[in-house]
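Encoded as structure tokens, the structure appears first; notes follow it.
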There are 2 protein chains.
Amino acid sequence: MSASSEHGPQRPGERRQDLATNLRIAVLRLSRRLRNESTLEVSEAQHSVLSALFHLGPMTPGKLAEHDHVQRPSMTRTVASLEERGLVVRRQDSDDKRSVVVHITDDGRALVKEIKRRRTAWLDKRLARLTAAERQTIAQAATILRRMVEQ
Amino acid sequence: MSASSEHGPQRPGERRQDLATNLRIAVLRLSRRLRNESTLEVSEAQHSVLSALFHLGPMTPGKLAEHDHVQRPSMTRTVASLEERGLVVRRQDSDDKRSVVVHITDDGRALVKEIKRRRTAWLDKRLARLTAAERQTIAQAATILRRMVEQ
DNA sequence: TATTGTTATACTCTATAACTATA
DNA sequence: TATAGTTATAGAGTATAACAATA
């Protein structure tokens with residue numbers, strides 16, 4: 001049983017496993033650069049929380065923990081650090097008095113926008129050096145990859 | 001000055017900034033999954049050190065720190081944790097008695113291979129669900145991205 | 001005097017276990 | 001009894017400052 005007979009026409013030496021290796025290296029290196037080059041003010045954990053609140057609206061710490069695949073005590077701490085810096089506020093839920101709802105503040109919103117702007121700019125600068133055809137390939141790949149990760 | 005006039009034919013609404021945003025999200029999410037799903041035994045920091053020693057050969061803690069863009073005291077700690085687990089050994093440099101050279105052990109090599117195998121397998125399983133054309137697009141994109149990151 | 005590596009100290013993220021308040 | 005959130009405690013990664021040994 002050969003890989004090429006299973007998976008249709010491919011470039012010589014471009015077996016699916018080679019593709020996985022190549023993609024793995026590309027993605028891990030690019031993500032590392034993206035994180036390092038453009039998140040100065042907050043950690044990645046903090047940014048992830050701010051981003052969730054920004055895009056999905058107010059949420060309980062429990063939901064945030066679930067969203068980020070971390071345990072609730074970890075989220076308690078991350079939310080506390082964000083609240084100390086005035087980037088989020090915690091409010092008692094009026095219905096369920098056990099619950100707390102975390103809201104992003106105006107400062108938090110501004111920071112999310114700034115980090116997004118900086119990361120996009122960093123990437124955009126590099127994308128600008130490519131040809132239009134290369135950019136189109138990457139655009140298609142990005143869409144495919146996002147769908148692939150969701151599944 | 002419009003983006004589309006500068007960069008040639010693109011899908012409607014697929015400005016270069018949209019591409020950067022789309023790619024940023026795809027890469028950050030995929031990298032997160034890759035790290036979480038397939039690195040159980042060692043942290044990412046430890047894996048990075050093992051990988052450098054595996055691919056580049058024995059190195060001083062100073063060189064390792066430089067390679068990973070961390071400070072030397074951080075690397076001292078990471079190397080110590082790897083040595084405790086028998087994945088690396090530290091040896092005195094015969095010429096410069098201030099220096100130490102870190103070598104990967106057979107157990108360390110085996111672990112690097114195992115993690116690489118697991119990450120590639122995780123990705124390969126998901127790539128298998130795509131069409132041959134989609135895989136080809138991703139293969140081309142991976143190559144372009146690797147080149148882009150190096151620059 | 002400069003360099004290599006380490007130790008001291010501190011902050012963040014992560015986890016599990018145990019606790020409080022509420023449902 | 002179950003759930004939401006927190007506190008207690010511990011391990012790992014990161015940093016800066018200070019130190020020892022060597023060049």
Side-chain angles (χ1 to χ4, degrees), chain A residues 28 31-32 35-37 39-53 58-103 111 115, chain B residues 28 31-33 35-53 58-103 111 115:
Chain A
L28 289 177
S31 68
R32 177 168 194 158
R35 282 186 231 268
N36 289 351
E37 302 279 346
T39 308
L40 299 172
E41 295 89 347
V42 290
S43 70
E44 194 56 30
Q46 291 172 330
H47 178 257
S48 179
V49 169
L50 286 178
S51 183
L53 296 174
M59 243 182 285
T60 64
K63 285 290 176 193
L64 284 168
E66 196 181 324
H67 180 268
D68 284 1
H69 300 98
V70 296
Q71 296 303 308
R72 274 180 295 177
S74 304
M75 189 52 69
T76 293
R77 178 169 287 207
T78 300
V79 168
S81 69
L82 289 170
E83 189 169 40
E84 274 177 29
R85 296 181 51 181
L87 300 173
V88 305
V89 288
R90 291 160 63 260
R91 291 188 196 145
Q92 282 289 335
D93 188 313
S94 45
D95 299 338
D96 187 339
K97 287 187 179 174
R98 293 171 306 180
S99 284
V100 167
V101 181
V102 186
H103 299 250
L111 184 53
I115 290 171
Chain B
L28 289 177
S31 69
R32 177 164 195 162
R33 289 293 295 273
R35 282 185 232 268
N36 289 350
E37 301 279 347
S38 49
T39 308
L40 298 172
E41 296 89 343
V42 290
S43 70
E44 193 57 29
Q46 290 172 332
H47 179 256
S48 179
V49 170
L50 285 179
S51 184
L53 296 174
M59 244 182 287
T60 64
K63 284 290 176 193
L64 284 168
E66 196 181 321
H67 180 267
D68 284 0
H69 299 100
V70 297
Q71 296 304 308
R72 273 180 297 176
S74 305
M75 189 52 69
T76 293
R77 180 171 287 204
T78 300
V79 168
S81 69
L82 289 170
E83 189 169 38
E84 273 177 30
R85 297 181 50 183
L87 301 173
V88 304
V89 288
R90 292 160 62 261
R91 292 187 194 144
Q92 282 291 336
D93 188 312
S94 45
D95 298 338
D96 186 339
K97 286 186 178 173
R98 292 172 306 180
S99 283
V100 167
V101 181
V102 186
H103 298 251
L111 184 53
I115 290 170

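All values below come from the heavy atoms of this structure, side chains included, with hydrogens, waters and symmetry mates left out. Every chain is numbered from 1, with letters handed out A, B, ... down the list of sequences.
Atom-to-atom, CD of B:Glu44 to P of C:dT14 comes out at 14 Å; the value is rounded to the nearest Å. Rounded to a whole Å, the CD atom of A:Gln92 is 13 Å from the P atom of C:dA21. Following rounding to the nearest Å, B:Leu64 (CG) and D:dT14 (C1') show an atom-to-atom distance of 16 Å. Distance NE2 (A:His47) to P (C:dC13): 14 Å, rounded to an integer number of Å. Distance A:Asp68 CG to C:dA15 P: 10 Å, rounded to the nearest Å. We find that CE of B:Met75 is positioned 16 Å from P of D:dA12, with the value rounded to whole Å. Remark: P of C:dT12 and CZ of A:Arg85 are 9 Å apart, rounded to the nearest angstrom. Spacing between atom NZ of B:Lys63 and atom C1' of C:dG5 amounts to 15 Å, rounded to whole angstrom units.
Put simply, A:Gln46 has a side-chain N or O that comes within less than 4.0 Å of OP1 or OP2 on C:dC13. Here B:Ser43 reaches the OP1 or OP2 of D:dG13: one of its side-chain N or O atoms lies under 4.0 Å away. For the OP1/OP2 pair of C:dT6 and a distance below 4.0 Å, the side-chain nitrogens and oxygens of B:Arg90 include at least one atom meeting the criterion. In terms of phosphate contacts, B:Thr76 brings a side-chain nitrogen or oxygen within less than 4.0 Å of OP1 or OP2 of C:dT6.
In terms of heavy-atom proximity, A:Gln46 sits nearest to A:Ser81 at NE2-OG, 2.9 Å.
Taking 4.5 Å as the limit, some side-chain heavy atom of B:Leu64 sits within range of a side-chain heavy atom of B:Val102. Counting heavy atoms from C-beta on, the side chains of B:Leu87 and B:Val49 never come closer than 4.5 Å. Using a 4.5 Å heavy-atom cutoff, the side chains of B:Val100 and B:Gln92 are in contact. A heavy-atom distance below 4.5 Å is found between the side chains of B:Val88 and B:Glu83.
Using a 4.0 Å heavy-atom criterion, one finds that B:Ser99 contacts the sugar-phosphate atoms exclusively. Using a 4.0 Å heavy-atom criterion, one finds that A:Asp93 contacts no nucleic acid atom at all. Heavy atoms of A:Pro73 sit under 4.0 angstrom from at least one base atom.
Side chain of A:Ser74, nearest nucleotide from D:dG13, D:dT6, C:dA15: C:dA15.
If A:Glu84 and A:Lys97 are placed on DNA chain C by their nearest nucleotide, the residue sitting closer to the 5' end is A:Glu84. A residue-by-residue look at B:Asp96 and A:Arg98 shows that B:Asp96 has its nearest nucleotide of DNA chain C further toward the 5' end. Residue A:Val100 is the one, among A:Val100 and B:Thr78, whose nearest nucleotide of DNA chain D lies closer to the 5' end (criterion: closest heavy atom).
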